[in-house]
There are 2 protein chains.
Amino acid sequence: MQGSSHDDVRRHNLSVVLRLVHRSGAASRSQLTRVTGLNRSTIAALVAELVERGLVVESEPSSTNQVGRPSPIVSVSEQVVALAVNPEIDAVTIGIVGLDGQVHRRVRYPTDQSPSVPEAVNIAAAVIDGMRGELEARFKVVGIGVAVPGLVRAHDGLVRHAPHLGWIDEPLAEMLEAATGYPVLAANDASLGAMAERFFGAGKGITDLIYLNGGASGIGGGMIVGGAPAGGIAGYAGEFGHTRVSDSDRVDSAGIRGTLEAEVTRRELLEVLGLAGADADELEQALLASTSAVVRAEVNRQIDHLAVALAGAINILNPQLVVLGGFLAALLAVDADRLRSAVASHSLDAAFGSVRLSAAELGSNLLMIGAAELAFEGLLDDPAGLPAGAGTISA
Amino acid sequence: MQGSSHDDVRRHNLSVVLRLVHRSGAASRSQLTRVTGLNRSTIAALVAELVERGLVVESEPSSTNQVGRPSPIVSVSEQVVALAVNPEIDAVTIGIVGLDGQVHRRVRYPTDQSPSVPEAVNIAAAVIDGMRGELEARFKVVGIGVAVPGLVRAHDGLVRHAPHLGWIDEPLAEMLEAATGYPVLAANDASLGAMAERFFGAGKGITDLIYLNGGASGIGGGMIVGGAPAGGIAGYAGEFGHTRVSDSDRVDSAGIRGTLEAEVTRRELLEVLGLAGADADELEQALLASTSAVVRAEVNRQIDHLAVALAGAINILNPQLVVLGGFLAALLAVDADRLRSAVASHSLDAAFGSVRLSAAELGSNLLMIGAAELAFEGLLDDPAGLPAGAGTISA
DNA sequence: GTGATACGTTGCAGAACGCTACAAATCGAC
DNA sequence: GTCGATTTGTAGCGTTCTGCAACGTATCAC
């Protein structure tokens, strides 16, 4: 319950303009006036301030075949970037992501075994140190976002529990901040995936969506509720993988029986296909190509269980869109009709009627974009909060 | 993505102050300055405007045993009220609810059979006409809120489907607006219950909660996510009753198998108790008094199924609080430990660790307060939007 | 009573936005 | 190619709202 003063108005309006060009791409000043409802002169002043702070660039208008004076195009500065870090079982991936959502660079640093927290921090810090010359010469770095495959406490980036990495109560953000000097934020990978798909992928402009991702180690998810990412009270929200879908005794990674993650697994799909390993695209191709009845039965079994979990979430959240990533997208691709009708049979007509099932669009850049978005969040909320023209951000 | 101007600042600050005295009760001006962060002089101006508009009242400070000049107490005007309407299977209830949350009057108009929409509208309009003398003399009515046991489309109050009333696609809000002349908003009863409990009941000050209500005709619910009521894309969110909790063939009111509403019913509790009918309090007393093993077995069965649904919701939403109303509160009262441990066994430790299970507090006034809150919403969002000093609101 | 403290009140200054008038750039018609 | 219509940028002014500082006032402690 905070009152707002004039400073807040300015901050808010700068934030609105920067968010627009960040999320919707380049826009003319006249478009900005229409969308924001602000006056021409106000938009001019706001854009001028953002230009001065090096956050956006104005460029010559392209010919639009429209009457009237052409309006300058406002686009995000290519110099403003965030660093994205994603520790996994077999690698740590580090990326440089522009404020326009472009992934400038991505480095995957493979590890022999699942990295410990100090190892992951050391790898990330070393790679970032290697990039530092380039970063300081060409870019302004706003901070680091980390996508963690596990539960992360929102306010301080403490990793409560990352089962596949074996991390428990690790102050990851704090350590990486100390090692690099950049401000660090961390969050659950699937929540960040939901945010990325929402802004830059299948969910553009949508206010209520559910995102489920199927990976080698399980199923995670995230949601956007009423236009805002829903993190829950401590940032643990979105664990769709542990939803109960059957009375069976199969146990998931958290030891819970009959859950989505226990019934719907990538491993079993690979087994019936006779594949040793495959990425998401290869798995989808193999499933589509297969004519085996055994494969088909397994696919159907998994689709039916997935449908129960989706229907439950749809009944509760009444979303506009369900985005499926990883091998769950493959299940959708193989038999969308079966999935749709199975979901329909478990959900309320009214809630199901307006929902669309869709595959994720961002592919391998998903987590880079999501993690960077986390780091950009502070800048987008308060574009004037950081010192103008600073090359790097110090604590 | 809207910009804000000076008008918005004023509107926002008026809204913040009015919301504070509405939700947290009377407060001194100095308290308001502290909570809002606004300047003394600004608060003085805001309160003065709210007084002039007849929305709040300033009164002499009570002796607080504190040094310094006493600060006037700001409280909500007792004249500002909303009308609450709640159609049910066997009655239509109409209430007058003050902006302070006080229920001034409640009229339950019993019906022989489940009322049709025109009947419900006629009853409500007739009762309100009967009150009109009192309303126009003593009160300023901001509008009518309707709590409907069914799916309601948010933006226009169309009742999509109210199974127990047998209503399908009924323009309830429109009809009641035409019949009474007051602006009408409608929403799902359980969603409104969630809102009421959040602001005036067990969930005061909590930003993430789930509310489940067990009634004679089924189980409904609502949620607050990140401080805001979550309605979904069309206002249908919160249908926890249709979450799958078992593989059984029991069917719920929507024809879906193995759901919470199919397994956990008030009817079966009454049956094992040998009771013909009972309100929520009587049922709870009877359950607590019973020593029958059969009763106990049925309670345990229902608790275990309830736990599955709660755990699923907790994993997905990571709330701070779960509020149980109706006969679900009775199950909690009978064996809170069993419910807690059953929920724990189906949920993630991290998400379950911070959650509290609690019984609803508002009892029979719940829906009156929730429906009124819906009607107050517009006023709270824009206290200056309505003409100052108007006795009633015309379209 | 006197001082300290906290708060209301008043007048003024600053910040931000909208408005209006004017200038500039484009398209289409002749 | 020129002219008018249209759209938008630009500059200056006015309005609105909040913050600040100074002063007045009411209470408590001694």
Side-chain angles (χ1 to χ4, degrees), chain A residues 1-18 26-53 56-75 382-385, chain B residues 1-18 26-53 56-75 382-385:
Chain A
M1 277 301 201
Q2 285 237 341
S4 61
S5 66
H6 280 101
D7 294 351
D8 298 317
V9 173
R10 183 64 163 198
R11 179 175 22 246
H12 176 249
N13 285 344
L14 286 171
S15 169
V16 165
V17 171
L18 186 58
S28 72
R29 264 157 66 175
S30 69
Q31 284 177 307
L32 293 176
T33 61
R34 276 192 294 274
V35 176
T36 60
L38 295 171
N39 195 276
R40 288 207 297 259
S41 44
T42 307
I43 289 292
L46 293 170
V47 170
E49 179 165 348
L50 291 175
V51 168
E52 190 172 339
R53 291 181 180 279
V56 305
V57 176
E58 279 192 301
S59 52
E60 289 306 304
S62 57
S63 64
T64 54
N65 281 353
Q66 279 200 348
V67 237
R69 179 173 177 174
S71 192
I73 304 296
V74 181
S75 51
D382 183 11
Chain B
M1 275 303 200
Q2 286 236 339
S4 60
S5 67
H6 280 103
D7 293 352
D8 298 316
V9 173
R10 184 63 163 201
R11 178 173 26 245
H12 176 249
N13 285 344
L14 285 171
S15 169
V16 164
V17 171
L18 186 57
S28 71
R29 264 156 68 174
S30 70
Q31 283 176 307
L32 293 176
T33 62
R34 275 192 295 273
V35 176
T36 60
L38 295 171
N39 194 276
R40 289 205 295 252
S41 45
T42 306
I43 288 292
L46 293 170
V47 171
E49 179 165 349
L50 291 175
V51 168
E52 189 171 341
R53 291 180 180 279
V56 304
V57 177
E58 278 192 303
S59 52
E60 290 304 304
S62 58
S63 63
T64 54
N65 281 351
Q66 280 200 350
V67 249
R69 179 175 177 172
S71 192
I73 304 297
V74 180
S75 52
D382 183 10

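Remember, it's a predicted structure, so these values are computed and weren't measured experimentally. To find a chain, count down the sequence lines: A is the first, B the second, and so on, and within it residues start at 1.
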Visitor: I'd like to check the side chain to side chain contact (heavy atoms under 4.5 Å, CB included) partners of A:V67; sequence neighbours left out, ordered by chain and number.
Guide: none
Visitor: Can you check each nucleotide of nucleotides 20-30 of chain C against protein heavy atoms at under 4.0 Å and return B for base, S for sugar-phosphate only, - for none, in 5' to 3' order?
Guide: -B-BBBBB---
Visitor: Checking side chain to side chain contact (heavy atoms under 4.5 Å, CB included) between A:V17 and each of A:L50, A:T42, A:V56, A:V35, which is the one that passes?
Guide: A:L50
Visitor: Measuring to OP1 and OP2 of D:dC17, would you say a side-chain N or O of B:N13 lies under 4.0 angstrom away?
Guide: no
Visitor: Would you tell me if any nitrogen or oxygen in the side chain of B:R29 comes within less than 4.0 Å of OP1 or OP2 on C:dC7?
Guide: no
Visitor: Using the test side chain to side chain contact (heavy atoms under 4.5 Å, CB included), find all partners of A:I73 that sit at least two apart in sequence or belong to another chain.
Guide: A:A26, A:S28, A:S59
Visitor: Round to the nearest Å and state the distance from B:R11 atom CZ to D:dT18 atom P.
Guide: 13 Å
Visitor: Residues two or more places apart in sequence or in another chain: which of them pass side chain to side chain contact (heavy atoms under 4.5 Å, CB included) with A:Q66?
Guide: A:T64
Visitor: Could you state the atom-to-atom distance from CG of A:L46 to P of D:dG9 in whole Å?
Guide: 13 Å
Visitor: Going by heavy atoms in the side chains, are A:V9 and A:H12 under 4.5 Å from each other?
Guide: no
Visitor: Under a 3.5 Å distance rule, please check whether A:S30 uses its side chain to pair with a backbone N or O of A:S71 as donor and acceptor.
Guide: no
Visitor: Nearest whole Å is fine: how far is C:dC7 P from B:E60 CD?
Guide: 16 Å
Visitor: Once pairs are restricted to Watson-Crick or G-U wobble with both distances under 3.5 Å, how does DNA chain C read as a dot-bracket string, [ ] for crossings and | for other-strand pairs?
Guide: ||||||||||||||||||||||||||||||
Visitor: Sequence neighbours left out, what passes side chain to side chain contact (heavy atoms under 4.5 Å, CB included) with B:A27? Give chain and number order.
Guide: B:Q31, B:L32
Visitor: From the list D:dT18, C:dC17, D:dT8, which nucleotide is the closest neighbour of the side chain of B:V9?
Guide: D:dT18
Visitor: Which comes earlier along DNA chain D counting from the 5' end, the contact point of A:Q31 or that of B:T42, where each point is its nearest nucleotide?
Guide: A:Q31
Visitor: Within the 4.5 Å heavy-atom criterion, are A:V16 and A:L46 side-chain neighbours or not?
Guide: no
Visitor: Nearest nucleotide by nearest heavy atom, which residue falls closer to the 5' end of DNA chain C, B:S28 or A:I43?
Guide: B:S28
Visitor: For residues A:N13 and A:T36, determine if any side-chain heavy atom of one lies less than 4.5 Å from a side-chain heavy atom of the other.
Guide: no
Visitor: Let me know the distance between CD1 of A:I73 and C1' of D:dT8, rounded to the nearest Å.
Guide: 13 Å
Visitor: Taking the side chain of B:R10 as its heavy atoms from C-beta onward, which of D:dT18, D:dT8, C:dG8 lies nearest to it?
Guide: D:dT18
Visitor: Once you round it to whole Å, what is the distance between P of C:dC17 and CG of A:D8?
Guide: 12 Å
